[in-house]
Novice: 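Encoded as structure tokens, here's the structure I'll be asking about.
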Protein chains: 2
Amino acid sequence: MATMHDVARLARVSVSTVSYVLTGTRPISDATRARVLEAMAELDYQPNAMARGLATRRSRIVGLLMPMSERGFGATETAFVTGAAAAASDAGYHLVLSPIGAGDLDDLRRLASQRMVDGVALMEVQIEDGRVGVLQETGVPLVLIGRTSDTTGLSYVDIDFDQTVREAVDHLVGLGHRRIVYVNHSAATIAAGYGPALRTRDSFVAAMTGYGLEPLMIPAEDSAAGGRAALAQAMTQAPDLTAVLAMNENAIFGILAELAVRRRAVPGDVSVVSMVTSPAVAELAYPALTAMTSPGSALGRIAVEALLRQLDGTGAHHQQLLPCALEVRGSTCPAARPDNELTGTGLPGG
Amino acid sequence: MATMHDVARLARVSVSTVSYVLTGTRPISDATRARVLEAMAELDYQPNAMARGLATRRSRIVGLLMPMSERGFGATETAFVTGAAAAASDAGYHLVLSPIGAGDLDDLRRLASQRMVDGVALMEVQIEDGRVGVLQETGVPLVLIGRTSDTTGLSYVDIDFDQTVREAVDHLVGLGHRRIVYVNHSAATIAAGYGPALRTRDSFVAAMTGYGLEPLMIPAEDSAAGGRAALAQAMTQAPDLTAVLAMNENAIFGILAELAVRRRAVPGDVSVVSMVTSPAVAELAYPALTAMTSPGSALGRIAVEALLRQLDGTGAHHQQLLPCALEVRGSTCPAARPDNELTGTGLPGG
DNA sequence: TCCGATCGTCGAAGCGTTTCGACTAACCGG
DNA sequence: CCGGTTAGTCGAAACGCTTCGACGATCGGA
């Protein structure tokens with residue numbers, strides 16, 4: 001491992017000159033610069049990251065706080081990670097993964113105080129998330145993938161759940177569906193203050209009541225079994241349902257299975273829309289699912305880019321909501337039996 | 001940010017004494033130790049990771065080289081990552097994610113020479129993988145998740161594909177199936193030297209010919225569409241098939257869909273076994289898939305633990321194969337029409 | 001022609017640790 | 001009571017980089 005010293009000696013300049021060539025902090029004559037670069041090439045020199053980090057007090061590492069929750073890691077979350085890693089890599093930063101959740105505040109305090117990371121991105125943000133406070137105390141720049149309840153002075157990137165739900169409901173109502181059930185995450189997850197579950201719930205209620213329809217929400221465990229149970233419950237509470245809107249990426253396959261068992265054709269008898277879903281997952285089902293496709297890796301990328309801008313000083317707080325895009329596939333179609341009650345309450349032209 | 005200096009001053013000792021308390025390298029009297037610890041607590045002291053790294057020439061960071069391939073990231077690969085992150089975290093190490101594949105050797109050389117990582121784990125290992133050579137040149141300890149063709153002197157953890165395939169074939173043959181099709185990854189993936197695709201292919205051929213059966217393998221693009229195409233092709237080449245063995249986690253749903261379209265009941269007409277699959281994914285299908293469940297996060301954990309042992313000096317090369325466990329669910333049953341040709345060729349008792 | 005800027009370079013002082021050599025005091029066996 | 005360990009502590013020198021202040025040389029303007 002060649003050091004800067006070796007380069008300086010070989011190029012017959014001082015160490016500081018080598019450093020200036022590297023950082024561009026001060027002007028260097030073309031002749032000298034050439035000599036130095038040549039020496040570097042010859043010695044196969046690479047600056048030592050630790051030494052540079054110590055001197056600059058910047059590690060060029062950003063952290064991704066990725067709690068490994070009960071919910072597990074769906075395709076959507078995985079896309080955040082890969083997007084974040086790519087963005088960091090593009091900017092010459094490294095991305096360290098830490099399985100630190102809203103509970104492990106001591107671990108976080110340690111990580112933050114060690115000054116190993118220049119900034120962090122938080123995943124799986126709870127409505128009230130203690131990690132934000134800890135990071136602010138320790139002065140570590142942060143950006144949320146998700147949102148807390150109070151976001152003043154914070155940077156975040158999140159899915160625009162409100163618009164996403166609204167669009168999904170619009171799509172179904174536009175097809176003539178009136179009896180729509182929303183299958184959310186589990187009751188425990190909702191109680192824990194998981195933002196997406198909360199926000200979509202509220203948006204669903206708003207969208208449905210806006211149409212004068214009854215908003216029926218059913219929680220489901222994050223598994224196929226949970227989905228089946230949820231659909232069973234839905235059929236009991238609303239035997240006349242013609243459409244299901246599902247937030248829960250794991251439960252959706254259970255919902256489809258239970259519909260199959262009950263001989264309700266998709267989309268003939270029941271239309272299904274999957275929310276915040278990656279195309280790859282939507283294509284797995286048969287028929288392929290009409291879905292609100294999540295921004296996926298873009299979310300992770302944007303979050304890290306915002307964080308890096310914050311570190312540079314360029315760009316302060318960045319708050320952005322990305323909508324999911326409706327992609328109509330095979331799991332939705334016009335409602336089966338347009339009852340007479342259907343007319344009247346200001347449906348959209350769709 | 002309190003430094004060691006501050007602690008030393010407050011505790012009225014020298015800086016080195018504080019360091020000895022922290023590292024335990026030299027004996028310290030109980031009284032002094034207590035004073036120092038108290039000072040640390042009072043100042044909320046955390047050692048600076050960069051400084052420590054510079055002095056010890058160890059960053060306490062390990063890298064996970066995780067190429068973001070065309071193949072994307074299935075549940076199985078995600079499990080590797082989470083397992084690795086957890087293992088690193090448990091040992092007080094950090095895990096940095098680098099999207100460095102077998103192609104980006106320059107990026108890797110840079111990462112390795114910067115001495116930012118103490119060691120690395122390689123994912124998505126190709127049969128001939130240039131990354132191994134680069135890391136060995138730069139003297140960075142490494143462990144493979146997967147295997148190259150020549151593994152002498154290397155540490156690796158991999159799935160025991162041979163046994164996994166054998167068990168799956170045994171299961172099907174034991175149920176009376178004779179006409180079994182193996183759906184592998186895509187032809188391009190195989191050509192690129194992706195180990196799992198190659199090894200399972202060879203093992204399948206060996207297992208089938210061992211039973212005196214014809215080994216029919218069909219490659220499939222890693223998507224539902226690819227799975228459907230593959231099954232169509234299989235039905236053409238072997239209209240009498242009664243069982244499908246699928247390696248391709250993405251294609252499997254396409255296979256099921258195409259079977260449904262062709263009105264071949266699962267498992268009544270065709271039994272399906274999914275290889276190297278997580279239970280969560282197996283449960284998504286209806287009926288739930290009989291599968292060889294992958295060791296998942298255990299693989300990532302074991303790999304990182306082996307790497308850390310290598311860094312400590314305790315433990316040299318670690319080579320380990322983990323089998324997938326057969327979990328019988330609803331997608332397999334005895335073969336439908338036991339033709340007369342079925343008897344004779346030494347079937348297992350099962 | 002002289003002055004102040006600017007350019008190009010150097011030496012040295014950090015950055016916050018670890019670790020080596022040295023020193024003192026206490027302790028042990030003879 | 002003495003020489004040799006050992007326990008406990010200190011100061012200073014690394015580790016490999018950045019950055020500050022200084023200095024000679026060059027240059028443009030009055």
Side-chain angles (χ1 to χ4, degrees), chain A residues 1-37 39-40 43-61 92 110 112-118 138-139 311, chain B residues 1-37 39-40 43-61 92 110 112-118 138-139 311:
Chain A
M1 294 293 102
T3 77
M4 232 162 148
H5 237 94
D6 303 330
V7 174
R9 189 170 38 227
L10 182 59
R12 319 193 129 277
V13 296
S14 75
V15 191
S16 43
T17 302
V18 178
S19 176
Y20 294 135
V21 168
L22 231 38
T23 62
T25 339
R26 285 198 186 176
I28 294 289
S29 74
D30 288 351
T32 309
R33 183 197 320 284
R35 279 217 317 290
V36 170
L37 290 176
M40 283 183 184
L43 296 175
D44 206 11
Y45 169 76
Q46 286 292 337
N48 179 301
M50 294 286 129
R52 188 197 287 256
L54 179 57
T56 57
R57 277 166 293 287
R58 306 287 241 78
S59 62
R60 298 191 77 76
I61 299 178
R110 198 166 316 124
S113 311
Q114 283 184 159
R115 300 279 122 174
M116 159 139 292
V117 295
D118 293 344
T138 42
L311 298 183
Chain B
M1 293 295 104
T3 77
M4 233 162 147
H5 238 93
D6 303 330
V7 175
R9 189 170 39 231
L10 182 58
R12 321 194 128 276
V13 296
S14 76
V15 190
S16 44
T17 301
V18 177
S19 176
Y20 293 135
V21 168
L22 229 38
T23 62
T25 340
R26 286 198 185 176
I28 295 290
S29 73
D30 289 350
T32 309
R33 182 197 321 283
R35 277 218 316 290
V36 170
L37 290 176
M40 284 183 184
L43 295 175
D44 206 8
Y45 169 76
Q46 285 293 334
N48 178 302
M50 295 285 130
R52 189 199 288 256
L54 179 58
T56 56
R57 277 166 291 289
R58 306 288 240 78
S59 61
R60 297 190 77 77
I61 299 179
R110 199 166 315 123
S113 309
Q114 283 184 160
R115 300 279 122 173
M116 158 138 293
V117 295
D118 292 345
T138 42
L311 298 183

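Below, read A as the first sequence line, B as the second, and so on, with proteins coming before strands; counting in each chain starts at 1. Scope of the values below: all heavy atoms of this structure, side chains included, with no hydrogens, waters or symmetry mates.
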Novice: Any side-chain N or O of A:S29 less than 4.0 Å from the OP1 or OP2 oxygen of C:dT9?
Specialist: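 Yes, A:S29 has a side-chain N/O under 4.0 Å of OP1/OP2 on C:dT9.
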Novice: May I ask you to verify if any side-chain N or O of B:T17 is less than 4.0 angstrom from the OP1 or OP2 atom of D:dC10?
Specialist: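 Result: yes.
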Novice: Is a donor-acceptor pair below 3.5 Å formed from side chain A:R26 to base D:dG21, judging by atom type as modelled?
Specialist: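 Flag set: donor-acceptor pair detected.
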Novice: Measure the distance from CD on B:Q114 to C1' on D:dC17 and round it to the nearest whole Å.
Specialist: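 In whole Å, D:dC17 C1' lies 13 Å from B:Q114 CD.
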Novice: Please state how far atom CZ in A:R9 lies from atom P in C:dC10, giving the value in whole angstrom units.
Specialist: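 Whole-Å distance recorded here is 15 Å.
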Novice: Give me the one residue out of B:V18, B:D6, B:L10 that meets side-chain contact (heavy atoms from CB on, under 4.5 Å) with B:M40.
Specialist: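 Of B:V18, B:D6, B:L10, side-chain contact (heavy atoms from CB on, under 4.5 Å) with B:M40 is met by B:V18 alone.
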Novice: What pairs with A:R57 under salt bridge (Lys or Arg N to Asp or Glu O under 4.0 Å), at least two apart in sequence or on another chain?
Specialist: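 Listed in chain order: nothing, the list is empty.
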Novice: I'd like to know whether B:S19 forms a side-chain hydrogen bond (donor to acceptor under 3.5 Å, both in side chains) with B:S16, so could you lay out the CA-CA distance, the side-chain angles of the two residues, the decisive distance to 0.1 Å, and finally the verdict.
Specialist: CA-CA 5 Å; B:S19 176; B:S16 44; over 6 Å; no
Novice: Write down the distance between CD1 (A:I28) and P (D:dT19), rounded to a whole number of angstrom.
Specialist: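 So the CD1-P distance, A:I28 to D:dT19, works out to 14 Å.
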Novice: For A:M116, does its backbone N or O pair with a side-chain atom of A:S59 as donor and acceptor, under 3.5 Å?
Specialist: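 Such a contact is found between A:S59 side chain and A:M116 backbone.
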Novice: Report yes or no: does B:R58 contribute a side-chain atom to a donor-acceptor pair with the main-chain N or O of B:L311 at less than 3.5 Å?
Specialist: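 Pair found, side chain donor or acceptor close to backbone of B:L311.
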Novice: Is the backbone N or O of B:N48 less than 3.5 Å from a side-chain atom of A:R115, with the two atoms forming a donor-acceptor pair by type?
Specialist: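 Checked: no pair found.
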Novice: Within the sub-3.5 Å range, which N or O atoms of nucleotides 15-18 of chain C have a protein N or O partner, and how far apart are they?
Specialist:
residue : atom : partner : partner atom : Å
C:dT17  : OP1  : B:Y45   : OH           : 2.9
C:dT17  : OP1  : B:N48   : N            : 3.1
C:dT17  : OP2  : B:M4    : N            : 2.7
C:dT17  : O5'  : B:Y45   : OH           : 3.1
C:dT18  : OP1  : B:R52   : NH1          : 3.4
C:dT18  : OP2  : B:S19   : OG           : 2.6

